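These notes are about the structure you will find just below.
Predicted model only: the values in this text are computed from it and were never measured.
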Amino acid sequence: MKSWINQRPIEHAVFHGIKEREQQMAPTRISQTSRLGSHRLRIAFVAFFAMTAGGTAIAEDLDVNQEISIAIGGEPPFTELKPDGTLAGAGPDIDRAALALSGFKNFKGELMQYGAMIPAVQAKRVRILSAGDLNIRPERCKVVDFAEPSICTAQAFLIRSDMVGKFKSYKEFAALGLKLAAGAGTLQAKDALAAGVQKEKLVSYPDNASAVKMLQDKRVDAIALNDAGVLDMKTRSGDESLQMVLPIADTPIDCAAAAFNKDDTALRDAYNAGLKKLKDSGEFEKIMTKYGLQSNYKLLASAKSAAEMCNP
């Protein structure tokens, strides 16, 4: 970035050149008025070069030929860095496609621990935290700027076909006096108890395969877990009769989004513009489907905006 200090010798020379010409033309008329005029001229030049420096900084921020570094956590199918350095996963695919639609071409992935991500973007060691990494949280919004939501998750039920249409929430489930399989100490178990499911109706399980077997044998009437876990249970079971209820109606939807340094609003805005085009064109849905995240894509329809999630 060009600073105003770097421009000052030019301004200084121009100013003194004008002053010398004034002295040659009227050497005896160096009055308070002329000094005031010269002072005003100097201020005008300073303002001009300050604006020029600022304009350069903005242009550099939006230089579409610059390399954009994207931090990822390495959690397939959301984010992944291949051995050859290639970025993969739904998050990076969304990031690159959104920025490509705003003219950017060069990208680099950086694998790091989740706890290091926000400090890295704050220190400008990376430009973006991938859309597949961090959920939007009010406390995070205070230190980074989030783009609009990209990947949403929620709690879900896995049920038998005879349970279809009977309940959509923990409260409705509790009212029917049914039995629920949920991992001991999990968020799902806590939310179910808080909604009125009786403790004796809550059944813990040692592993996912055991939970599915209990459901199929009618020892429980539903399994509660996060959407990715429920989808994995259904897929691994090979039982086409099992159905998903997503989301559980009385639970929040969590959404992840790309995050930026607070000073990088121009890049965030360019990202959001590209992201909107990506969603409107149907390409966003194709990316999600490629990674088996169709249910996560559908949750976007119920998601709040980034501003609403930052200020609940």
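Counting only heavy atoms from C-beta outward, the side chains of Val144 and Leu134 never approach each other to under 4.5 Å. Using a 4.5 Å heavy-atom threshold, the side chains of Asp95 and Phe107 count as separate.
To the nearest 0.5 Å, atom NZ of residue Lys279 and atom OH of residue Tyr297 are 9.0 Å apart. To the nearest 0.5 Å, the span separating CZ on Arg140 from CE on Met117 amounts to 10.0 Å. Note that the SG atom of Cys141 and the CG atom of Asn311 stand 7.0 Å from one another [nearest 0.5 Å]. Note that OG of Ser69 is 7.5 Å distant from CD1 of Ile128, once rounded to the nearest 0.5 Å.
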N/O donor to acceptor pairs below 3.5 angstrom from side-chain atoms of residues 154-164, sequence neighbours left out:
unit_1 : atom_1 : unit_2 : atom_2 : d
Gln155 : OE1    : Tyr170 : OH     : 2.6
Gln155 : NE2    : Asp191 : OD2    : 2.8
Arg160 : NE     : Asp162 : OD1    : 2.9
Arg160 : NH1    : Leu215 : O      : 2.9
Arg160 : NH1    : Val220 : O      : 2.7
Arg160 : NH2    : Asp162 : OD2    : 3.3
Arg160 : NH2    : Asp221 : OD1    : 3.3

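A single hydrophobic cluster is seen to contain both Leu87 and Phe260, as judged by linkage of ILVMFWY side chains at heavy-atom distances under 4.5 Å, directly or through other members.
When all heavy atoms of Ala90 and Leu293 are compared, the closest pair comes out as CB-CD1, 3.7 Å. Contact between Gly183 and Ala189 at its shortest, heavy atoms only, is O-CB, 3.6 Å. Nearest heavy-atom pair across Leu278 and Ala97 is CD1-CB, 3.7 Å.
Under the ring-ring contact (aromatic ring centres under 6.0 Å, His included) criterion, no residue pair touches residues 118-146, with sequence neighbours excluded.
With respect to the salt-bridge test (charged N to carboxylate O, under 4.0 angstrom), the residues Asp145 and Arg268 qualify. Look at Asp84 and Lys82 and you find no salt bridge, because none of the NZ, NE, NH1 or NH2 atoms lies under 4.0 Å from a carboxylate O.
Side chains of Asn226 and Thr153: a donor-acceptor N/O pair is absent below 3.5 angstrom, by distance only.
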Problem set entry | Step-by-step side-chain hydrogen bond (donor to acceptor under 3.5 Å, both in side chains) determination, Tyr291 to Asn296 | CA-CA 10 Å; Tyr291 291 100; Asn296 301 77; over 6 Å; no

